[in-house]
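Okay, structure first, notes after.
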Number of protein chains: 2
Amino acid sequence: MSNSYIDDEKIINRLYEIHRRTVPKFESCTGISQTRLELLHELYEVEEISQRALQKKVNIDHAAVTRHLKQLEDKGMVIRRKDPKDQRFTYVSLSEEGRLKIIHYREEKERFISGVLHDFSAKERKTLLEMLTRIQHNIEHFE
Amino acid sequence: MSNSYIDDEKIINRLYEIHRRTVPKFESCTGISQTRLELLHELYEVEEISQRALQKKVNIDHAAVTRHLKQLEDKGMVIRRKDPKDQRFTYVSLSEEGRLKIIHYREEKERFISGVLHDFSAKERKTLLEMLTRIQHNIEHFE
DNA sequence: GCTCAATAATTGATACGTCAACTAATATAA
DNA sequence: TTATATTAGTTGACGTATCAATTATTGAGC
């Protein structure tokens with residue numbers, strides 16, 4: 001008697017479309033991809049960290065982490081070195097240049113986010129975050 | 001005086017992560033990707049449609065539409081033919097097999113969505129959809 | 001000490017979305 | 001009617017995420 005499933009479907013489709021629209025917009029606004037900025041931000045918060053620990057923080061695939069860090073190293077934003085005590089570990093840290101650049105990126109990100117949420121009240125933001133957290137939990141524990 | 005920006009950032013990061021987690025889960029649960037199922041669903045609703053019109057409905061890049069349809073054609077789920085009146089247009093329709101298979105896919109999709117939203121009340125779902133719609137609008141009109 | 005398991009990182013294969021460049025067909029305007 | 005613009009579709013290059021397989025190093029059990 002209700003059209004509730006139709007609306008549920010819209011929610012999932014909306015999530016999908018938001019993502020697709022966000023990716024290019026985020027990068028054109030900030031000058032860097034969301035994932036890469038997240039990696040840099042984690043590095044910003046610490047002196048040095050192993051790739052493994054970093055990967056656990058950002059929670060994306062090892063392979064992607066390796067590739068991003070290599071490219072960031074090529075750009076001179078990041079420094080990587082092997083742990084002399086345990087050669088399996090690679091430690092990563094921000095270069096001076098990286099540390100400077102990230103500030104600008106983060107300002108742009110803040111501007112972007114403000115735009116995306118500009119018409120949301122503090123209460124709505126809270127509700128939304130809480131709902132998204134539940135969805136994420138449900139997805140991870142589904143099946 | 002508030003930590004509101006931190007939370008805003010969490011919202012955006014959550015959206016990103018939800019997407020990343022959903023993509024593989026959706027496909028392993030339903031047996032097909034979200035985009036492809038959306039294409040098939042649109043085809044299910046009509047007798048025949050041009051690729052151009054279909055592309056406008058699902059709102060993804062032309063190139064992606066072409067590739068999906070070619071692959072679906074190879075799998076025998078879709079039939080494509082040129083418009084004899086205007087050879088620029090390619091019309092697409094579901095094959096018998098496609099029409100049968102899509103039913104199963106959609107059942108699985110429904111099960112997936114139910115799982116993801118199982119602890120949301122009808123009111124919450126409504127609120128969520130409304131919020132996501134606003135976000136999508138904001139992203140599209142940003143800058 | 002030596003074999004085998006565990007761990008970190010890397011590489012390869014695959015998927016899919018974007019943009020840009022291109023082809024082919026049709027419409028328009030001089 | 002002939003040159004030019006527009007439109008639909010295709011293809012190529014690129015970025016980036018996933019999973020699976022591989023390499024290199026270290027740890028554990030015998």
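Note on naming: letters A, B, ... go to the chains in the order of the sequence lines (proteins, then strands), and numbering restarts at 1 for each one.
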Protein-nucleotides 2-5 of chain D N/O pairs under 3.5 Å:
none

Apart from B:L100 itself, its cluster of hydrophobic side chains linked below 4.5 Å comprises none
Contact check, residues 25-53 of chain A vs DNA chain C, heavy-atom distance under 4.0 Å, returns A:Q51, A:R52
Residue pairs meeting salt bridge (charged side-chain N to carboxylate O under 4.0 Å, His left out), one or both in residues 58-74 of chain B, sequence neighbours left out, come to B:E73-B:R80
A:D86 CG to D:dT26 C1', in whole Å, measures 6 Å
Ranking A:F89 and A:P24 by the position along DNA chain C of their nearest nucleotide, the one closer to 5' is A:F89
Give a yes/no answer on whether the side chain of A:Y16 brings an N or O atom under 4.0 Å of OP1 or OP2 in C:dG17.
yes
Rounded to whole Å, the CZ-C1' distance (B:R88 to C:dT26) equals 4 Å
Sorted by number, residues from residues 56-85 of chain A placing a heavy atom under 4.0 Å from DNA chain C are A:H62, A:A63, A:T66, A:R67, A:K70, A:R80
Relative to the ring of B:F112, is the ring of A:F142 parallel (under 30°), tilted (30 to 60°) or perpendicular (over 60°)? perpendicular
Salt bridge (charged side-chain N to carboxylate O under 4.0 Å, His left out) filter on B:K126, not counting sequence neighbours, yields none
Atom CD of A:Q87 and atom C1' of D:dT23 are separated, to the nearest Å, by 14 Å
Residues passing the salt bridge (charged side-chain N to carboxylate O under 4.0 Å, His left out) test with B:R125, sequence neighbours excluded, are A:D8
ring-ring contact (aromatic ring centres under 6.0 Å, His included) filter on B:F89, not counting sequence neighbours, yields none
Tracing side-chain contacts under 4.5 Å among Ile, Leu, Val, Met, Phe, Trp and Tyr outward from B:I79 reaches none
Residue set satisfying ring-ring contact (aromatic ring centres under 6.0 Å, His included) with B:H137, at least two apart, ordered chain then number -> B:H141
In whole angstroms, the gap separating P of C:dT18 from CZ of A:R21 amounts to 8 Å
Here the salt bridge (charged side-chain N to carboxylate O under 4.0 Å, His left out) pairs for residues 103-113 of chain B, sequence neighbours left out, are A:E9-B:R106, A:E9-B:K109, A:E143-B:R111, B:E108-B:R111
So side-chain hydrogen bond (donor to acceptor under 3.5 Å, both in side chains) across residues 89-98 of chain B, not counting sequence neighbours, yields B:E97-B:K101
Flag side-chain contact, heavy atom, 4.5 Å: A:R88 against A:R52: no
Taken to the nearest whole Å, NE2/B:H19 to P/C:dT18 is 10 Å
